[in-house]
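Beneath this line is the structure, given in structure tokens, with notes to follow.
Residue numbers start from 1 in every chain, and the chains themselves are labelled A, B, ... in the order their sequence lines are given, proteins ahead of strands.
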Amino acid sequence: MERHLMDSKIKGVSTGTTILAVTFNGGVIIGSDSRASIGGYYVSSKTINKLIQVHDRIFCCIAGSLADAQAVTKAAKFQISFHSIQMESPPLVKAAASVLKELCYNNKEELQAGFITAGWDRKKGPQVYTVALGGMLLSQPFTIGGSGSTYIYGYADAKYKPDMSKEECLQFATNALALAMGRDNVSGGVAHLVVITEEGLEHVVIPGDKLPKFHDE
Amino acid sequence: MTSYDLSASTFSPDGRVFQVEYAMKAVENSSTAIGIRCKDGVVFGVEKLVLSKLYEQGSNKRIFNVDRHVGMAVAGLLADARSLSEVAREEASNFRSNYGHNIPLKYLSERVAMYVHAYTLYSAVRPFGCSFIFGSYDQDDGPQLYMVDPSGISFGYWGCAIGKAKQAAKTEIEKLQMKDMTCRELVKEVAKIIYIVHDEVKDKAFELELSWVGEVTNGKHELVPKDIRVEAEKYAKEKTEDGSSTL
């Protein structure tokens with residue numbers, strides 16, 4: 001909720017946004033819309049990328065001030081990459097989320113960006129972490145974020161099941177994004193989805209007109 | 001030869017840094033400490049020489065906790081060792097703060113080794129006169145054992161010994177099939193080895209400090225409980241009482 005109220009106070013370009021990440025049996029799907037707006041009346045980009053890859057099997061979705069989010073993810077990407085080389089092994093998703101959390105918490109006065117970190121690692125498999133505005137870190141089986149998320153809490157809570165198959169999970173994520181983008185004026189464009197598994201990554205892009213349609217569309 | 005050994009920033013003509021070698025001699029003057037890695041954990045044993053009857057029992061510990069899952073046994077100048085244990089603790093704590101999980105032992109050992117190594121580069125400071133053995137247990141990576149010496153290198157081991165009787169201890173350790181043993185079996189063998197290498201003639205009284213970390217302690221490094229230690233010491237005394245005390 002707080003992100004929705006905060007968005008209008010963000011100077012410059014914000015990602016009034018819908019982002020989500022959902023674990024399924026064997027992987028995690030991370031998704032977002034692609035609209036960047038100024039003040040809720042001007043769409044500054046219809047095709048922005050909100051899914052930032054921070055390591056081979058770890059992605060972050062960004063919400064809030066676009067400038068802040070890009071700066072934080074750039075710093076986090078460097079730190080995680082260095083950490084991984086020092087450890088001589090791929091980083092844990094928890095470690096990546098912690099790096100983001102430290103950046104958000106230590107700079108909370110200046111920053112206005114929230115993230116969802118999701119990925120796969122050898123130790124715990126698929127995981128989803130929320131890093132909220134002030135630097136809270138929380139692990140959840142799935143999570144939704146951004147201004148558009150307020151419109152789909154009911155849908156997500158009702159329709160999520162643990163241990164879904166990849167197809168069921170894709171359908172769940174696509175529907176959730178479509179519903180949010182349909183009601184939130186600052187979310188829209190195309191739906192970006194990335195499926196992360198041990199084997200690799202799969203990008204799915206669904207243009208706005210190909211999204212699932214609901215009763216009044 | 002004497003003029004090349006005054007500072008750590010000088011090499012001798014035959015390519016040695018004498019200060020570092022002297023630091024290792026300081027470790028060899030200290031009483032023995034051993035660490036052995038087995039199938040499901042790591043056990044440390046330290047021969048703690050009791051220099052005065054006035055010492056409280058259990059004081060002057062030589063085994064430290066660096067983090068919940070990491071233990072450290074030391075030999076050499078104890079003051080150096082204690083200050084380095086603080087360095088190791090900060091390293092582990094910062095790692096957890098930044099990355100949200102337990103520090104892997106290989107990484108901790110390399111970081112401490114890097115720190116120790118830094119003190120072998122300058123004439124303004126002296127090298128640390130102590131060696132440590134680090135041990136940890138993690139459900140996914142299993143038991144790990146690393147040793148850091150005053151020159152600032154660290155290696156992983158299945159079993160290692162530092163201090164005055166390290167050669168004798170190493171010989172005994174090599175006889176063990178540690179990869180097939182459990183912590184409970186190993187505790188007795190570690191106690192036995194300390195009793196074997198202890199020199200009754202030169203050093204009279206000693207206290208055996210035993211600690212372990214493994215599946216048996218749920219990944220937490222702690223001193224071996226009193227009853228198990230007493231049982232291990234009894235076993236050790238039995239095995240060494242038949243005349244074969246020192247080698």
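- Heavy-atom pairs under 4.5 Å with chain B were tallied for A:Leu137, A:Leu92, A:Leu103, A:Ile80; the largest tally goes to A:Leu92.
- Neither the backbone nor the side chain of B:Arg96 comes within less than 4.5 Å of any heavy atom of chain A.
- Aromatic ring pairs are classed by plane angle as parallel below 30°, tilted from 30° to 60° and perpendicular above 60°; the pair B:Tyr99 and A:His83 is parallel.
- Within a 6.0 Å sphere centred on CG of B:Asn218, heavy atoms belonging to other residues, nucleotides or ligands number 12 at most.
- The neighbour count for A:Arg183 CZ, taken as heavy atoms of other residues, nucleotides or ligands under 6.0 Å away, does not exceed 12.
- When B:Glu110, B:His101, B:Gln139 are compared by the number of non-hydrogen pairs under 4.5 Å with chain A, B:His101 comes out ahead.
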Next on the checklist: If you apply the rule side-chain contact (heavy atoms from CB on, under 4.5 Å), what do you find for B:Lys106 with A:Met87, and how did you get there?
Outcome noted: CA-CA 8 Å; B:Lys106 178 164 194 272; A:Met87 294 284 117; over 6 Å; no
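- We find that A:Lys123 and B:Asp138 are joined by a salt bridge, their nearest charged nitrogen and carboxylate oxygen being less than 4.0 Å apart.
- To the nearest 0.5 angstrom, A:Ser98 atom OG is 9.5 Å from B:Phe95 atom CZ.
- Sparse packing is recorded around NZ of B:Lys25, with 12 or fewer heavy atoms of other residues, nucleotides or ligands lying under 6.0 Å away.
- A 6.0 Å sphere centred on OH of A:Tyr105 holds no more than 12 heavy atoms belonging to other residues, nucleotides or ligands.
- A:Lys101 approaches B:Ser97 most closely through the heavy-atom pair NZ-O, 3.7 Å.
- Only the side chain of B:Asp140 comes within contact range of chain A, judged by heavy atoms closer than 4.5 Å.
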